[in-house]
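Have a look at the structure below, then the notes.
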Amino acid sequence: MGKLQFLLRQHVGAPCEPVVKAGDKVEKGTLIAVPNGLGANIFSSVYGSVESVLEDRIVIVPDEEQKDAFVQIHEGSPLEMVKEAGVVGMGGAGFPTGVKLGTDLKGGYILVNAVECEPGLYHNIRQIEENMEMTLKGVKYCMEISNAAKAIFAIKAKNKKAVDTIREAIKGEENISIHLLPDIYPMGEERAVVRETLGKLLDPTQLPSAADSVVINVETVLRVAEAIELRKPCYSKNLTVIGKLNGGNQPHVYMDVPVGTSVEDMIECSGGIDGVYGEIIMGGPFTGKAVAMDAPVTKTTGGIIVTIDLPDLHGAPVGLLVCACGGNEERMRDICEKMHGEVVSVARCKQAIEMKNGTLKCENPGNCPGQAQKCLQFKKDGAEYIIIGNCSDCSNTVMGSAPKMKLKVFHQTDHIMRTINHPLYRRLTVSKQVDQLPDGR
């Protein structure tokens with residue numbers, strides 16, 4: 001294990017303030033940084049010594065010998081322990097879970113996001129299959145803390161073993177049920193989960209609390225249970241490593257990876273890179289970003305993907321269709337540059353709404369009325385190719401118009417999908433509706 005780097009911003013909110021200095025000895029579970037406003041505590045994930053405290057990170061050199069024991073958080077109320085443990089949303093932007101669960105739902109819903117939305121990632125499903133007991137305890141704690149009367153597991157119907165595991169675990173749990181989802185992207189988007197499970201479409205500015213609910217990732221509920229039952233700080237992450245690796249492109253699923261571990265160490269644990277590659281992506285194919293080998297795992301890291309090389313457009317004119325469900329314009333331009341294309345036109349998906357913080361949100365995630373107007377703009381601007389980052393349904397609508405205009409389409413995930421032998425995002429070939437279990441059981 002090499003040096004570990006703990007970014008001071010691993011969550012929504014301001015960067016944390018370090019509470020250690022160079023030369024300090026730390027243990028697994030030692031508090032090393034505290035919130036400065038909205039945020040969450042950060043803990044060392046190893047025994048070792050602080051090498052340096054930089055503006056944006058703390059660097060720790062691990063001891064050669066690592067013990068299993070950890071420094072426990074203080075006992076308190078369940079909500080106090082979740083806050084002290086530094087638990088954040090571990091499947092998205094990293095919103096502090098103690099703040100989210102502090103909402104009084106007055107008999108509403110905990111919606112457990114077990115969708116594993118991004119293709120190629122498998123750790124959420126593996127957690128359910130292998131650690132359902134603690135996962136269910138976490139759900140019940142979340143219900144207790146937020147005063148929710150019911151909980152619903154949102155999960156793709158294709159994950160039959162995991163679905164059966166949940167069904168067995170919730171026998172006799174009258175207030176906990178399952179809602180099955182189709183295998184399309186982005187069914188795991190927060191408002192899509194609310195829409196599918198509760199039948200309520202929220203505006204882009206509305207939080208799930210507007211539907212008397214809290215959406216919480218399935219790994220997050222596990223960390224909630226660990227904080228309360230084990231008094232364990234949140235310093236580890238479940239994740240998937242996949243792609244152009246020695247030994248093949250099958251996923252390597254890791255539980256409890258120490259936060260701060262480098263991408264390079266995780267790739268080496270998975271066999272190392274097989275020859276020439278294109279990108280190393282941290283996160284999922286849609287929302288992840290290209291990173292360097294020394295990038296550290298954070299509380300929100302879901303995947304590490306090594307891709308094949310990207311195709312060469314030899315300077316051809318390109319239009320970029322930026323979608324709220326995929327990469328932002330910066331990411332799209334990065335991909336175009338790596339493909340040696342020249343950006344001549346940029347448009348947003350017609351359902352992408354800009355928020356006050358500059359991010360985009362979709363009006364109705366996963367349901368698209370068409371993109372012909374945007375394709376027409378690209379054609380008028382002289383594009384020969386378009387790079388899209390759209391969801392399953394939007395990609396389908398692009399294909400209804402772009403080929404007719406002789407526009408060649410690349411999806412931002414194409415090189416990833418080809419690497420992991422996953423169908424490309426073009427035509428929608430599956431139904432957006434799936435049969436439900438009787439009474440959600």
Side-chain angles (χ1 to χ4, degrees), residues 10-13 16 28-31 33-35 37-43 45 69-114 124 127-128 131-154 166 169-170 172-177 190 193 207-209 211-238 255-256 259 299-300:
Q10 301 191 29
H11 45 256
V12 170
C16 283
K28 194 180 293 183
T30 297
L31 181 66
V34 297
L38 181 65
N41 287 335
I42 299 174
F43 300 86
S45 59
F70 55 85
V71 179
Q72 293 181 311
I73 61 172
H74 298 98
E75 288 199 54
S77 71
L79 182 58
E80 288 170 344
M81 296 176 80
V82 170
K83 289 181 176 179
E84 186 181 345
V87 182
V88 301
M90 308 193 84
F95 193 86
T97 304
V99 176
K100 182 179 282 192
L101 291 179
T103 302
D104 184 355
L105 294 177
K106 300 177 180 178
Y109 295 83
I110 291 293
L111 304 179
V112 184
N113 189 342
N124 284 174
Q127 174 195 316
I128 290 171
N131 199 2
M132 187 61 205
E133 181 180 359
M134 189 65 93
T135 300
L136 185 57
K137 286 181 179 180
V139 174
K140 291 180 178 180
Y141 281 124
C142 291
M143 294 172 70
E144 174 190 339
I145 293 169
S146 62
N147 192 23
K150 296 184 178 181
I152 302 173
F153 279 86
I166 299 171
I170 64 173
E173 302 286 351
E174 295 182 0
N175 297 326
I176 303 177
S177 59
E190 188 171 68
V193 171
L207 296 173
S209 56
D212 301 316
S213 64
V214 164
V215 180
I216 186 162
N217 173 265
V218 72
E219 183 180 350
T220 307
V221 302
L222 174 68
R223 304 305 174 193
V224 166
E226 290 177 342
I228 298 168
E229 296 249 325
L230 308 177
R231 294 168 54 192
K232 182 180 178 181
C234 183
Y235 57 71
S236 57
K237 185 73 184 73
N238 299 341
M255 299 297 179
D256 296 318
V259 167
K299 294 180 188 180
T300 62

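Because the structure is a prediction, the values reported are computed rather than measured. For reference, positions follow the sequence shown, starting with 1.
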Looking only at atom types and distance, does a side-chain atom of [X] sit under 3.5 Å from a main-chain N or O of [Y], one as donor and one as acceptor?
X	Y	result
S146	T103	no
Q72	L230	yes
Q127	V218	yes
Q10	I42	no
N41	E84	yes

Considering all heavy atoms of both residues, which atom of [X] and which atom of [Y] are nearest to each other, and what is their separation?
X	Y	value
Y235	F43	CB-O, 4.1 Å
A114	I128	CB-CD1, 3.7 Å
I73	P233	CG2-CG, 3.9 Å
A40	V88	CB-CG1, 3.5 Å
Y141	V224	CB-CG1, 4.1 Å
P78	E144	CG-OE2, 3.9 Å

>> Under a 4.0 Å threshold between the charged nitrogen and the carboxylate oxygen, would E80 count as salt-bridged to K83?
In response: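 Salt bridge between K83 and E80, a charged N being under 4.0 Å from a carboxylate O: no.
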
>> I'd like to check the side-chain hydrogen bond (donor to acceptor under 3.5 Å, both in side chains) partners of K140; sequence neighbours left out, ordered by chain and number.
In response: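 Result, side-chain hydrogen bond (donor to acceptor under 3.5 Å, both in side chains) vs K140: E173.
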
From [X] atom [atom1] to [Y] atom [atom2], the distance as rounded to the nearest 0.5 Å:
X	Y	atom1	atom2	answer
I216	K100	CD1	NZ	6.5 Å
S177	I152	OG	CD1	4.5 Å
T135	N124	OG1	CG	9.5 Å
E226	N131	CD	CG	7.5 Å
I228	K137	CD1	NZ	11.5 Å
M81	K232	CE	NZ	13.5 Å

> M255 versus L222: any side-chain heavy-atom pair under 4.5 Å?
Replying inline: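 Of all side-chain heavy-atom pairs linking L222 with M255, none is under 4.5 Å.
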
> Where do H11 and K299 land on the side-chain contact (heavy atoms from CB on, under 4.5 Å) test, with the steps shown first?
Replying inline: CA-CA 8 Å; H11 45 256; K299 294 180 188 180; 5.6 Å; no

> Should the heavy atoms of other residues, nucleotides or ligands under 6.0 Å from OH of Y109 be counted, would the total exceed 12?
Replying inline: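 No, the 6.0 Å shell around OH holds no more than 12 heavy atoms from other groups.
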
> Going through the distances and angles, do V112 and I176 end up as a side-chain contact (heavy atoms from CB on, under 4.5 Å)?
Replying inline: CA-CA 10 Å; V112 184; I176 303 177; over 6 Å; no

